[in-house]
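Taking it in order: structure first as structure tokens, then the write-up.
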Amino acid sequence: EAATVAVVYSIFIGVFVYKDVQTRQVPKIILESVAIAAAVMFVVACASAFSWVLKTQGIATMFARGMMSVSTNKTIMLLMMNVVLIVAGLFLDAISIFYIFIPIFMPVIRQLGVDPVHFGIIVTINLAIGQITPPIGVNLFVASRIGEVPLNKLSRAVLPLILAEVIALLLVTFVPGLSLWLVK
């Protein structure tokens with residue numbers, strides 16, 4: 001509902017306040033938005049179906065066992081998951097990553113004794129990093145378009161921010177109290 005209110009508000013502001021959008025452009029804008037949303041929802045639907053197959057066929061459990069055979073060290077496993085999530089974030093949107101990787105990682109997380117809330121925060125930070133990291137960083141494209149800055153120039157400018165986020169990710173990953181103090 002909030003998204004719908006935001007869209008209606010944006011159209012109203014664009015047409016009547018700033019007058020950047022003409023009334024006759026609104027149907028075209030809506031059609032373009034529907035096409036983009038449909039493409040995103042198709043990816044999400046495929047990721048959801050893939051996640052369902054992973055769970056129902058026991059593939060997620062098999063992957064979890066495979067991961068645990070690599071190492072049972074909590075630190076190594078969390079680092080490995082961070083790397084996988086960041087790499088996935090380079091190419092996929094956040095919702096698809098949730099659908100695909102959470103069913104695989106949750107059994108491992110439970111076995112390692114990691115708090116699920118803590119792990120959720122770790123995943124969210126990883127996905128935030130992925131959203132601004134080239135080549136597919138969705139927020140990078142949005143910022144480029146809004147700021148009218150070339151993508152290659154923006155990609156270089158965002159590197160210090162990515163470094164800061166990676167440092168924050170490592171701190172949150174290995175100092176659980178940073179993310180769990182409010183919950184506890």
Side-chain angles (χ1 to χ4, degrees), residues 1-3 6 37 40-143 154-184:
E1 294 88 5
V40 169
M41 293 312 295
F42 179 74
V43 170
V44 169
C46 289
S48 179
F50 183 69
S51 175
W52 179 79
V53 169
L54 285 176
K55 285 187 267 185
T56 59
Q57 299 302 311
I59 298 169
T61 306
M62 184 179 69
F63 272 114
R65 282 191 199 120
M67 288 178 68
M68 291 302 287
S69 71
V70 171
S71 175
T72 55
N73 183 310
K74 185 176 170 179
T75 304
I76 292 173
M77 293 305 289
L78 287 172
L79 279 173
M80 190 166 71
M81 288 179 195
N82 280 334
V83 169
V84 167
L85 289 168
I86 287 177
V87 170
L90 297 177
F91 303 103
L92 294 171
D93 66 291
I95 295 170
S96 298
I97 292 170
F98 271 113
Y99 279 127
I100 293 168
F101 289 100
I102 297 302
I104 294 171
F105 290 161
M106 279 314 290
V108 175
I109 289 304
R110 286 188 190 109
Q111 218 169 356
L112 293 172
V114 175
D115 187 302
V117 173
H118 179 227
F119 183 66
I121 293 168
I122 291 170
V123 171
T124 303
I125 294 171
N126 273 294
L127 298 181
I129 294 169
Q131 296 296 298
I132 62 166
T133 307
I136 309 292
V138 176
N139 291 349
L140 201 57
F141 284 100
V142 171
L154 187 60
S155 295
R156 283 190 300 272
V158 81
L159 289 176
L161 179 61
I162 293 171
L163 178 63
E165 285 188 341
V166 168
I167 291 168
L169 171 65
L170 292 172
L171 281 171
V172 168
T173 299
F174 299 113
V175 184
L178 290 175
S179 56
L180 294 177
W181 68 270
L182 185 60
V183 178
K184 304 272 183 192

Tell me whether [X] contacts the main-chain N or O of [Y] through its side chain, where contact means a donor paired with an acceptor under 3.5 Å.
{"X": "H118", "Y": "L178", "result": "no"}
{"X": "S69", "Y": "G66", "result": "yes"}
{"X": "T124", "Y": "G120", "result": "yes"}

**Prompt:** More than 12 foreign heavy atoms under 6.0 Å from CZ of F98: is that the case here?
**Reply:**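 Correct, the count exceeds 12.
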**Prompt:** More than 12 heavy atoms of other residues, nucleotides or ligands under 6.0 Å from CD1 of I95: is that the case?
**Reply:**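 Not buried by this count: 12 neighbours or fewer within 6.0 Å.
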Please tell me if the side chains of [X] and [Y] come closer than 4.5 Å, counting only heavy atoms from C-beta onward.
{"X": "L79", "Y": "L170", "result": "yes"}
{"X": "M81", "Y": "M67", "result": "yes"}
{"X": "I162", "Y": "I129", "result": "yes"}
{"X": "L159", "Y": "L163", "result": "no"}
{"X": "V114", "Y": "M77", "result": "no"}
{"X": "F105", "Y": "L112", "result": "no"}

**Request:** Starting at CG of L85, measure out to CG of L78 and round the result to the nearest 0.5 Å.
**Result:**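 So the gap between those two atoms works out to 10.5 Å.
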**Request:** Drop me the distance from T173's OG1 to I122's CD1, to the nearest 0.5 angstrom.
**Result:**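 Between atom OG1 of T173 and atom CD1 of I122 there are 4.0 Å.
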**Request:** Show your working on side chain to side chain contact (heavy atoms under 4.5 Å, CB included) between F63 and V108 and close with a plain yes or no.
**Result:** CA-CA 9 Å; F63 272 114; V108 175; over 6 Å; no
Heavy-atom closest pair, residues [X] and [Y]:
{"X": "Q131", "Y": "A94", "result": "NE2-N, 3.5 Å"}
{"X": "T133", "Y": "L140", "result": "C-CD2, 4.4 Å"}
{"X": "N126", "Y": "I86", "result": "OD1-CG1, 3.0 Å"}

